[in-house]
Amino acid sequence: MRTQVGIIGAGPAGLLLSRLLHLQGIDTVVLENRSRDYVEARIRAGILEQHSVDTLTAAGVGDRLQREGLEHRGIHLQYPGTRATLDFPELCGRTVWVYGQTEVTKDLIRTQLDGGPPLLFEVSDVRPEDVDSDSPRIRFTDADGTEQVLECDAIAGTDGFHGASRPVVQAAGAGRVWERTYPYAWLGILADAAPATDELIYAWHPEGFALYSMRSPSVSRLYLQVDPGEEIGNWSDDRIWDNLERRFALEGWSVNTGTITEKSVLPMRSFVSAPMRRGRLFLAGDAAHIVPPTGAKGLNLAFADVTLLAQALVRLLQEKQSDLVDSYSDRALARVWRCTHFSWFMTSMLHRSGDEFDAELQLSQLRRIVESEPAARELAENYTGLPLEI
Ligand code: APR
Ligand code: PHB
């Protein structure tokens with residue numbers, strides 16, 4: 001098999017990259033080791049920065065997003081006795097959209113399978129080879145068990161944290177990784193309950209953080225700070241609702257309960273690996289970096305990476321200019337560290353750990369954001385998404 005860009009992984013990063021390159025006349029083949037049903041069933045986050053919405057819409061995969069997505073003008077920041085609103089258009093002229101990553105992935109897959117480039121599910125044993133040459137290839141076994149070789153001009157490693165690509169980049173020996181694991185996790189639920197809030201609520205509480213998000217006017221998505229390694233079996237639906245009610249407590253207001261349709265515990269960590277390139281193998285998305293979900297950056301950072309990578313690959317393959325691919329890793333990492341800092345900042349400010357002195361520092365930081373316009377603007381600018389090139 002032969003193509004111009006072999007893409008490993010049909011998560012949002014790989015699928016958007018394939019779409020952006022397709023629209024520029026660049027051939028791609030996407031290799032995914034899971035089934036379509038599995039990929040489309042994964043529950044993930046749901047906040048899109050303005051530039052992500054613009055990129056998806058410009059790429060012709062924004063119709064359902066525009067129809068079913070919810071544009072949000074801000075967030076509520078809460079601590080005992082206070083629930084303050086950050087008005088994003090006022091603070092930085094931008095908004096965000098609530099639209100599940102699962103829905104974005106479904107839209108991208110539907111578009112790809114409707115006359116788009118090849119998307120092979122249920123492949124296995126994927127191995128990028130000869131990435132230091134100008135004609136790398138991907139060896140893999142297809143869904144029928146036949147060994148295949150995909151000849152390429154370039155390979156995109158968008159195969160997530162546990163994928164096959166990053167180890168190949170790191171094996172060049174010039175790499176570095178930075179990691180921070182947080183001493184807490186999130187218990188997340190999906191519930192058939194109309195959200196009792198107009199904007200997302202990020203709540204600091206002595207018993208731990210809580211986040212009130214949503215998926216639609218009839219589906220709520222809520223999160224509770226729990227201990228890392230917490231067993232979901234220890235959490236009855238009643239216990240979950242009790243804890244949410246307490247952490248969001250505010251005079252004359254209460255959480256809307258309903259049937260919990262999904263619950264899981266999510267680990268919290270920050271991870272950055274550099275470089276994001278080795279020869280003709282380029283990493284993007286979770287394959288190169290992980291952020292804790294508190295800053296709503298994971299999906300948006302993956303989209304920012306592939307927007308830069310698509311531009312660089314078009315320039316290399318159509319204009320034979322390597323300047324953008326040569327600077328891709330540094331340019332992408334500049335934004336990765338900015339988003340890694342913001343996600344760490346939000347996580348450290350809002351999660352209970354440490355002693356009472358730490359608690360007072362967190363509350364002082366929260367009050368500062370609520371009372372100071374420059375501090376609120378700094379949060380709003382980062383949350384809604386900084387320009388693509390930092
Ligand atoms: N071969 C083929 N496919 C693979 C392999 C492999 N060896 N390993 C993993 N994959 C597939 C996974 O099954 C998954 O579908 O690669 C895809 C990677 O997708 P994601 O993990 O969603 O990563 P990415 O596309 O970078 O999206 C990042 O996902 O985890 C969230 O918060 C994160 O929102 C961010 C987004
Ligand atoms: C979500 O809706 O799942 C969500 C929203 C904001 C976050 C994290 C997750 O910061």
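For ligands, and for the atoms within them, numbers begin at 1 and follow the listed sequence.
- Between Tyr202 and ligand 2, an N or O atom pair is found at a separation short of 3.5 Å.
- Rounded to the nearest 0.5 Å, atoms CG (Leu309) and CG (Leu316) are 10.0 Å apart.
- Below 4.0 Å from some heavy atom of Gly285 lie the following atoms of ligand 1, by number and element: 26 (O).
- The protein heavy-atom contact nearest to atom 2 (O) of ligand 2 is Ser213 OG, 2.6 Å.
- Residue-ligand proximity, Gly163 to ligand 1, at heavy-atom distances under 4.0 Å covers atoms 8 (N).
- Close contacts between ligand 1 and Arg34 involve ligand atoms 13 (O) [criterion: under 4.0 Å to a heavy atom].
- At least one side-chain heavy atom of Gln148 sits under 4.5 Å from a side-chain heavy atom of Thr146.
- Taking both residues in full, the closest heavy atoms of Gln170 and Ser273 are given as NE2-CB, 3.7 Å, listed atom of the first, atom of the second, then distance.
- Within ligand 1, counting atoms from 1 as listed, the ones closer than 4.0 Å to a heavy atom of Ile8 are 1 (N), 2 (C).
- Checked against side-chain hydrogen bond (donor to acceptor under 3.5 Å, both in side chains), Arg278 has the following partners two or more places apart in sequence or in another chain: Asp132.
- Between the side chains of Thr105 and Glu40, no donor N or O sits under 3.5 Å from an acceptor N or O.
- In summary, the side chains of Glu199 and His76 do not present any donor paired with an acceptor at a separation below 3.5 Å, with no hydrogens or angles considered.
- Just one of Asp238, Asn243, Leu244 meets the side-chain contact (heavy atoms from CB on, under 4.5 Å) condition when paired with Ile240; it is Leu244.
- Taking every non-hydrogen atom of Leu200 and a distance limit under 4.0 Å, the qualifying atoms of ligand 2 come out as 5 (C), 6 (C).
- Closest heavy-atom approach to atom 19 (O) of ligand 1 within the set Ala13, Gly11, Ala296: this belongs to Gly11.
- Taking a cutoff of 4.0 Å between a charged side-chain nitrogen and a carboxylate oxygen, Lys263 and Asp237 qualify as a salt bridge.
- Residue Thr158 has at least one heavy-atom neighbour below 4.0 Å for each of these atoms of ligand 1: 16 (O), 17 (C), 18 (C).
- By the criterion of a heavy-atom distance under 4.0 Å, neither the backbone nor the side chain of Val98 is placed next to ligand 2.
- Between Pro293 and ligand 2, a contact under 3.5 Å exists for at least one N or O pair.
- Among Lys297, Arg42, Glu40, His289, the residue whose heavy atom sits closest to atom 14 (C) of ligand 1 is Arg42.
- Atom numbering of ligand 1 starts at 1 in the shown order; those under 4.0 Å from a heavy atom of Leu299 are 34 (O), 35 (C).
- Which parts of ligand 2 touch Ile47 is read off a 4.0 Å heavy-atom cut-off, strictly below it: atoms 5 (C), 6 (C).
- Those atoms of ligand 1 with a heavy atom of Arg44 less than 4.0 angstrom away are 20 (P), 21 (O), 22 (O), 29 (O), 30 (O), 31 (C).
- Those atoms of ligand 2 that come under 4.0 Å of a heavy atom in Gly46, given as number and element, are 1 (C), 2 (O), 3 (O).
- Atom 1 (C) of ligand 2 has as its closest protein heavy atom Arg215 NH2, 3.4 Å.
- Atom CG of Asp323 sits about 4.0 Å away from atom CZ of Arg315, to the nearest 0.5 Å.
- Closest to atom 33 (C) of ligand 1, if we only count protein heavy atoms, is Asp286 OD2, 3.3 Å.
- Taking every heavy atom of both residues into account, Asp286 and Arg166 meet most closely at O-NH1, 4.1 Å.
- Nearest to atom 32 (O) of ligand 1 among the protein's heavy atoms is Gly298 CA, 3.9 Å.
- Summary of contacts: the protein heavy atom closest to atom 9 (C) of ligand 1 is Asp159 O, 3.0 Å.
- Those atoms of ligand 1 that come under 4.0 Å of a heavy atom in Leu31, given as number and element, are 2 (C), 3 (N).
- Relative orientation of the Tyr184 and His351 rings is parallel, given thresholds of 30° and 60° on the angle between their planes.
- Inclusion of Tyr223 in the set of residues having an N or O under 3.5 Å from an N or O of ligand 2 is warranted.
- Shortest contact from atom 2 (C) of ligand 1 to any protein heavy atom: Asn33 N, 3.4 Å.
- For Asp358 and Gln362, the side-chain atoms include no donor-acceptor pair closer than 3.5 Å.
- Side-chain polar atoms of Arg367 and Tyr79 form no donor-acceptor pair below 3.5 angstrom.
- Not close to ligand 2: Met346, with no non-hydrogen atom less than 4.0 angstrom away.
- Ser270 and Tyr182 share a donor-acceptor pair across their side chains, judged by distance under 3.5 Å alone.
- For atom 13 (O) of ligand 1, the closest non-hydrogen atom on the protein side is Glu32 OE2, 2.6 Å.
- Ligand 2 places these atoms under 4.0 Å from at least one heavy atom of Arg221: 3 (O).
- Judged purely by distance below 3.5 Å, without hydrogens or angles, the side chains of His341 and Arg338 pair a donor atom with an acceptor atom.
- Here CZ of Arg269 is found 6.0 Å from CD of Glu179. Values are rounded to the nearest 0.5 Å.
- Between the side chains of Glu68 and Ser216, no donor-acceptor pair is found at a separation under 3.5 Å.
- At a heavy-atom cutoff of 4.0 Å, ligand 2 is contacted by both the backbone and the side chain of Ala296.
- Looking only at protein heavy atoms, the nearest one to atom 34 (O) of ligand 1 is Gln101 OE1, 2.7 Å.
- Given atom 1 (N) of ligand 1, the protein heavy atom at minimum distance is Val126 CG2, 3.5 Å.
- Nearest protein heavy-atom neighbour of atom 27 (O) of ligand 1: Pro12 CG, 3.5 Å.
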